[in-house]
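Step one of this worksheet: look at the structure below.
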Amino acid sequence: MKFVKGMDLSTLLELERCGAKYYDNGEERDLLAIMKSYDVDTIRIRLWNDPWSKTGESYGAGENDLKTSLEIAKRVTAAGFGVLLNFHYSDFWADPGKQIKPKAWADYGVKELEQAVYDYTLESMRTFLDAGVNITMVQVGNELSNGLLWPEGKVPNYDNIATFVNAGIRAVRKADATIPVMIHLDNGGNNALYREWFDNFTKRGEDFEIIGLSYYPFWHGSLQMLNDNMNDIAERYGKDLVIAEVSMGYTMEDYKNYEKLSDEERKGYATRPALVEKIEYPMTKQGQYDFMEDFLNRISHIKGGKGKGFFYWEPAWIPVPGSGWATPASLKYMNDPGPCGNEWANQALFDYEGNALPTLALIRDFKPEV
């Protein structure tokens, strides 16, 4: 496969609805047009089963149900991009800290969950494909380091994990056997995690094409740790490797005034000062640029040419009133104390006013050595 330059733009419609505007060299332009001009080729879009409370309150964070994600995917396809469709198999965020079953599946046991994953995946795939969406990659589950569909599919129950993931893979194959499948874990610097997880899965699992990794420098170790892990798993499993999520901050300036929320209502940025002290590059525009340059050079020089690209996570999530990581309704679903607000704005590829940052030009000009 060719080297992917990707972006996760799952909050696109919500951001536009909330009044986000984007500028390149001072000129206001459509976000997808800007991305196209910077040589981005694939857009990652998450899919949640039912991100609404039983009384119809939105869970927020892009509201990525089938209707919303399909609308984004159709626009992205029309603009000439490929789509990475990212199944969460939850009504909201799925990650190593939570893999909450969809409300509709809450009482299901293993067999029913297996069937539900298959049916939901196949139905969703067919809906997207019938609408003409250019799906170039599918992610079966999101950050599965601790499993999915808890408690049945929680690590160390690899039998059930494989059962659920296999159901998703089979459904993707049924919909279109030519689309490559990605299995995605977080913590890209943790080699022991990848060895344990994929040693267990490959004994039980359907075949797949791509190992996806998340790599955030604040949480996932040094770039050298990422590098070492990628080289090891490239040899050990022989799969193509794609960084499914990456980002780096460019400022530690607060953006409270942009969000128009009180201190009690907003979480503020995820990059806490104690985390930032440990990273290899400063949180400046130049630091973001230098980090990405180092990152791109590393992932494009993995053993056997197995490093096949990246997706920058939510590069357009600038601080506009009304767009945050959660709402009161989704906090309840997750049993999370909150608060809400935007946690990501200082890691975007646009400043708080929506101006494209220099890192986008680096991405445009980057040419992986063939």
Side-chain angles (χ1 to χ4, degrees), residues 6 8-14 43-53 58-73 83-106 108 113-114 116-125 127-128 133 135 137-155 160-161 163-169 171-172 175 179 181-187 197 208 210 212-214 242 244-245 311 313-314 317 325-327 329-331 333-336 343-344:
D8 190 316
L9 297 179
S10 300
T11 46
L12 173 69
L13 293 183
E14 177 175 290
I43 304 300
R44 181 176 187 251
I45 306 169
R46 59 181 169 265
L47 182 60
W48 290 324
N49 289 41
D50 178 27
W52 304 85
S53 74
S58 169
Y59 285 177
E63 227 164 68
N64 292 101
D65 59 9
L66 188 78
K67 178 174 168 285
T68 298
S69 291
L70 180 60
E71 192 180 331
I72 298 171
V83 169
L84 165 51
L85 185 58
N86 171 14
F87 285 92
H88 274 54
Y89 303 118
S90 182
D91 290 339
F92 205 47
W93 301 115
D95 55 51
K98 55 192 168 297
Q99 294 276 345
I100 304 166
K101 285 189 225 173
K103 292 180 291 295
W105 304 356
Y108 288 6
L113 286 168
E114 178 183 18
V117 168
Y118 181 86
D119 293 343
Y120 175 75
T121 306
L122 183 57
E123 202 176 304
S124 302
M125 286 290 295
T127 301
F128 277 76
V133 172
I135 300 179
M137 204 180 286
V138 174
Q139 199 184 297
V140 175
N142 193 70
E143 291 194 331
L144 300 180
S145 310
N146 289 325
L148 70 165
L149 297 168
W150 291 354
E152 286 81 359
K154 194 168 189 178
V155 166
N160 288 349
I161 291 169
T163 294
F164 302 151
V165 174
N166 288 343
I169 295 174
V172 174
I179 299 174
V181 169
M182 172 193 285
I183 298 180
H184 170 219
L185 310 188
D186 84 318
N187 208 340
W197 204 99
F208 64 99
I210 301 158
L213 308 87
S214 290
V242 172
E245 297 182 21
F311 289 85
W313 199 74
E314 290 284 5
W317 206 346
W325 81 277
T327 63
S330 51
L331 291 177
Y333 171 71
M334 294 182 290
N335 197 18
D336 189 299
E343 290 190 285
W344 212 253

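Every heavy atom of this structure was used, including side-chain atoms; hydrogens, water molecules and symmetry mates were not.
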With no hydrogens and no angle check, is any side-chain donor or acceptor of Asp95 less than 3.5 Å from a backbone partner on Lys98? yes
Check: Trp344 side chain, Trp313 main-chain N or O, donor-acceptor pair, under 3.5 Å: yes
Spatial distance of atom CZ (Arg46) from atom CG (Asp8) [nearest 0.5 Å]: 5.5 Å
Side chains of Thr68 and Asp65: any donor to acceptor distance under 3.5 Å? yes
Among side-chain atoms of Glu63 and Ser58, is any donor-acceptor pair under 3.5 angstrom? yes
Tyr89 and side-chain hydrogen bond (donor to acceptor under 3.5 Å, both in side chains): which single residue from Asn142, Thr121, Asn49 fits?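 The option that passes is Thr121.
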I would like to know whether Val165 and Phe208 meet side-chain contact (heavy atoms from CB on, under 4.5 Å); could you show each step before the answer? CA-CA 10 Å; Val165 174; Phe208 64 99; over 6 Å; no
Close side-chain approach of [X] to [Y], heavy-atom, < 4.5 Å:
{"X": "Tyr108", "Y": "Glu152", "result": "no"}
{"X": "Tyr333", "Y": "Pro51", "result": "no"}
{"X": "Val117", "Y": "Leu149", "result": "yes"}
{"X": "Leu47", "Y": "Ser124", "result": "yes"}
{"X": "Ile179", "Y": "Met125", "result": "yes"}

Just to verify, which of Val83, Thr11, Leu12, Val133 counts as forming a side-chain contact (heavy atoms from CB on, under 4.5 Å) with Ile72? Leu12
Between Trp325 and Trp317, is the ring centre distance below 6.0 Å? no
Under the ring pair (Phe, Tyr, Trp, His ring centres under 6.0 Å) rule, collect the residues that match up with Phe92, sequence neighbours excluded.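 With sequence neighbours excluded, Phe92 shows a ring pair (Phe, Tyr, Trp, His ring centres under 6.0 Å) to Trp48, Tyr59, given in chain and number order.
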Apply side-chain contact (heavy atoms from CB on, under 4.5 Å) to the pair Gln99 and Ser90, showing each step before the final yes or no. CA-CA 7 Å; Gln99 294 276 345; Ser90 182; 5.8 Å; no
